[in-house]
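Reading through the structure tokens given below for one structure.
Note that the structure is predicted; figures quoted are calculated from it, not measured.
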Amino acid sequence: MAKNLVIVESPAKVKTIKKFLGKNYEVTASNGHVRDLPKSTLGIDVENDFEPKYITIRGKGDILANLRKEVKKADKIYLATDPDREGEAISWHLSQALNLDEKNVKRITFNEITKSAVKESLKHPREINMDLVDAQQTRRILDRMVGYRISPLLWAKVKRGLSAGRVQSAALRIICDREDEIAAFIPEEYWTLDAHLLPEGAKKPIIASFCGDSKGKIQITNKDQLDEILAALEGAEYKVLDIKKNERTKKPPLPFSTSTLQQEASRHLNFSTQKTMRLAQQLYEGVNIKGSGSVGLITYLRTDSTRVSEEAVTAATAYIEEVYGEAYTAHQTAAGSSDARIQDAHEAIRPTDIRYTPAKVKDSLTRDQYRLYQIIWNRFVASRMTAAVYETTSVKISAGKYRFNLSSSRVVFDGFMSVYSLDEKKSDKALSKNLEKGAVLEKQDLTADQHFTQPPPHFTEATLVKTMEELGIGRPSTYAPTITTLISRRYVIKENKNLYVSELGEVVNRIMKEEFSEIVDEQFTANMESLLDDVEDGTIDWKMVVRNFYPDLDEAVKAAEQNLEKVEIRDEVSDEICELCGRNMVVKYGPHGRFLACPGFPECRNTKPLLEKIGVSCPKCGKDIVLKKTRKGRKYYGCEDNPNCDFMSWQKPSSKPCPECGGYMVERGNKLVCADPNCGHVEEIAAERIKDASEG
């Protein structure tokens, strides 16, 4: 009988797929890419219409040799790499590296590693889709051009091995812009006022919140306004003006896409995007399930679609009817996003078999695999269930000319929430059954609390992925690698889920904005992603994209070379004397930022941390405040006498004391703000100081 060879990417898939096929099939793996652009050169022939020069990846020679042996034994070869652009490109590279005969080689794809999906794919083999290959090839070439043309300039500018990337630089700018917003944020004071009211016959008071007067809403912005309201409420009668009851529904969630899975796993499981994708890859490729062997538990993990196959919908509907009942079964599919950027090439991320419940496979999975599979399974089942129903009650209360309100809700039908309710918040205000319209309430207490508006939150991995998706920057396969690169190169620091820009990241972002503003522009990066989609659709020739991109990049690089020569950074000489050889130490740049080093290197190798004085005395002990960094590289201001003095501030302290309370003030953008939130004093920084700072 004829022998068939199936080549997949990952060795982990081999065992899973092999058990689905008969003895007539041999299954082997390429271990990912086998060819790529060379690391030592640009690898793109600019003079010859941007032809790429591919070479065998180091270490893949033996793999290719073994594959060639298997190819010689086979009558038909099926390239079964992942069902996306990169997988298509790997299949093409395999066909080129193995010199495969087009007559004997076919491409097959499957969205899930199940027996039915794999066997069905063999019934519908096709040619390699060169539009998909070209789209991936274009991405690779554009990224190589940006990295290999700009990175040497960054090296020259900052003197150490920095690098730039097309999507990475745009993502870094997003984070830096948010940090600037936070630094410039001026908190504004506001107050909340709650009335503790006891209905007749009730044992516990209800708590109603101040909302305004008979004319409309009022925001309490200071203590004087609060005192005026409190004075007017003295002796006021609290009376129920109106009670409204309504019913509202909460729609079930859509099944996961790559982006939403990464966001949910970050929020609720505290997984990094990289960890989420690694675990999802394991669940997709196959896990040994007791009694079933190797089973691919989820569908393909790189997708921007929420679409689900009819077979999966039918299976889920039958399961929900059987386990939860007809009342919980949805008979219409929730509408997904109509965003034109969605490629919709694959289904949503869902279980391959609804009957592999989390409880059934728990003993076969690691703890983290189980936790991720559980939210994927629960989310998919919930997406096929009915909406949750709430009864809401809204109460309006008068107190003289002022108004208070109180609202509450209770679940009357849990619907999909019986399976999936990670974000559900419980009502914190209970209503008395004795409450009715016209009732007079006994005032027990009035409590007021001072608050200050908060700056925009720092990005987390989850919120950065969400923002990148909304802006159209990157695609499902690039979110996790982009964030991982930013963190590994120490441009961004991750602390307690939050992402902070390091000094190194600030330097790189500033250079990119000044010299390559178009490349780090969000809209430009999003438009480039759309062009790659057009290449995939076959509506644009891939070389046309490269031809239009390279001249602008080349011009920007040449201009930057001129500018960078004029502003070349020399080692800054400090007042610090090297205690080993007596030379004045100089400021150097390293992976963690700036440090002091002896200029006598290599004869003298003395180095020490750079404590940069900012010309401000410590408000606690009077010694100098210096610019410092956390262990991970985040900047802060602390006393030079640490640990004897524990003063620290995330914002730069000012030498000018607060005229209101005498405390110290900090700089936020172009304003000085008292560090004591209970004071709240704010003033403009003198124009002369702003000018000096910009010139410096």
Side-chain angles (χ1 to χ4, degrees), residues 5-14 26-74 76-109 125-149 151 163 165-167 281 285 302 475 477-478 481 485 532 535-536 541-543 545-546 550:
L5 176 65
V6 178
I7 304 177
V8 297
E9 284 181 47
S10 169
K13 295 180 188 176
V14 172
E26 184 64 38
V27 184
T28 188
S30 70
N31 289 60
H33 285 274
V34 293
R35 297 200 313 172
D36 196 7
L37 301 172
K39 288 186 176 181
S40 57
T41 62
L42 180 64
I44 301 156
D45 192 345
V46 177
E47 302 300 325
N48 187 26
D49 201 20
F50 305 101
E51 275 297 312
K53 301 175 182 177
Y54 293 111
I55 62 169
T56 300
I57 296 172
R58 176 178 286 185
K60 291 299 180 80
D62 290 343
I63 292 173
L64 282 173
N66 290 330
L67 286 172
R68 289 188 183 101
K69 290 178 183 177
E70 295 295 335
V71 165
K72 287 180 180 178
K73 300 176 190 176
K76 286 187 179 180
I77 299 106
Y78 294 97
L79 300 174
T81 50
D82 284 350
D84 57 10
R85 290 175 185 168
E86 191 164 6
E88 203 75 16
I90 291 174
S91 282
W92 178 73
H93 282 297
L94 281 168
S95 70
Q96 297 293 305
L98 298 173
N99 294 315
L100 298 180
D101 187 343
E102 290 184 7
K103 296 178 182 178
N104 300 330
V105 63
K106 293 293 181 182
R107 174 83 167 109
I108 59 172
T109 59
R126 60 172 174 80
E127 305 298 323
I128 291 174
N129 186 330
M130 286 308 299
D131 290 333
L132 283 173
V133 174
D134 288 343
Q136 179 62 27
Q137 187 168 235
T138 308
R139 177 186 291 281
R140 185 75 185 96
I141 289 172
L142 292 176
D143 290 344
R144 172 57 69 99
M145 285 176 168
V146 171
Y148 274 52
R149 292 301 308 275
S151 295
S163 60
R166 187 176 56 85
V167 176
Q281 186 78 29
E285 290 180 345
R302 296 178 183 89
R475 284 295 181 261
S477 61
T478 64
T485 299
L532 293 177
V535 172
E536 177 177 333
D541 178 54
W542 75 271
K543 282 195 174 180
V545 177
V546 179
Y550 186 78

| task | Name all residues meeting the salt bridge (charged side-chain N to carboxylate O under 4.0 Å, His left out) criterion together with K73; count only those two or more places apart in sequence or in a different chain, and write none if there are none. | result |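 By the salt bridge (charged side-chain N to carboxylate O under 4.0 Å, His left out) rule, K73 matches E70.
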Side chains of [X] and [Y]: does their closest heavy-atom pair fall under 4.5 Å?
X: E127; Y: K106; answer: yes
X: E86; Y: H33; answer: yes
X: E536; Y: L532; answer: no
X: T81; Y: E88; answer: no
X: Y54; Y: L37; answer: yes

| request: Kindly confirm or rule out a cation-pi arrangement of R107 over W92, judged by NZ or CZ under 6.0 Å from the six-membered ring centre and within 45° of its axis? | output: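 Not flagged: R107 not positioned over aromatic ring of W92.
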| request: Mark yes when over 12 heavy atoms from residues, nucleotides or ligands other than R126 sit less than 6.0 Å from its CZ; otherwise mark no. | output: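 Count over threshold, so yes.
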| More than 12 heavy atoms of other groups within 6.0 Å of D101 CG |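 For D101, atom CG is crowded (more than 12 foreign heavy atoms under 6.0 Å).
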| field | A80 to V6 - nearest heavy-atom pair and separation | value |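 Closest approach of A80 to V6, heavy atoms only: CB-CG1, 3.8 Å.
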| said: Using every non-hydrogen atom in the two residues, find where S10 and A29 come nearest and quote the distance to one decimal. | reply: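 Looks like C-CB, 3.7 Å.
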| message | Whether the side chain of Y148 engages the backbone of K39 through a donor-acceptor N/O pair (distance < 3.5 Å, no angle test) should be reported. | response |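 Checked: pair present.
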| Partners passing side-chain contact (heavy atoms from CB on, under 4.5 Å) against L64 (at least two apart in sequence or in another chain) |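 side-chain contact (heavy atoms from CB on, under 4.5 Å) check on L64 returns V34, T56, L67, R68, A97, L98.
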| request: Salt-bridge test for K13 and D82: reply yes if a basic N is under 4.0 Å from a carboxylate O, no otherwise. | output: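 So K13 pairs with D82 through a salt bridge.
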| Looking at E51 and K543, does any basic side-chain N land under 4.0 Å from a carboxylate oxygen? |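 Result for this pair is yes, salt bridge flagged.
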For a quick test of your reading: what N or O donor-acceptor pairs under 3.5 Å do the side chains of residues 40-47 make, sequence neighbours left out?
{"from": "D45", "atom 1": "OD1", "to": "E47", "atom 2": "N", "distance (Å)": "3.2"}
{"from": "D45", "atom 1": "OD1", "to": "N48", "atom 2": "N", "distance (Å)": "3.2"}

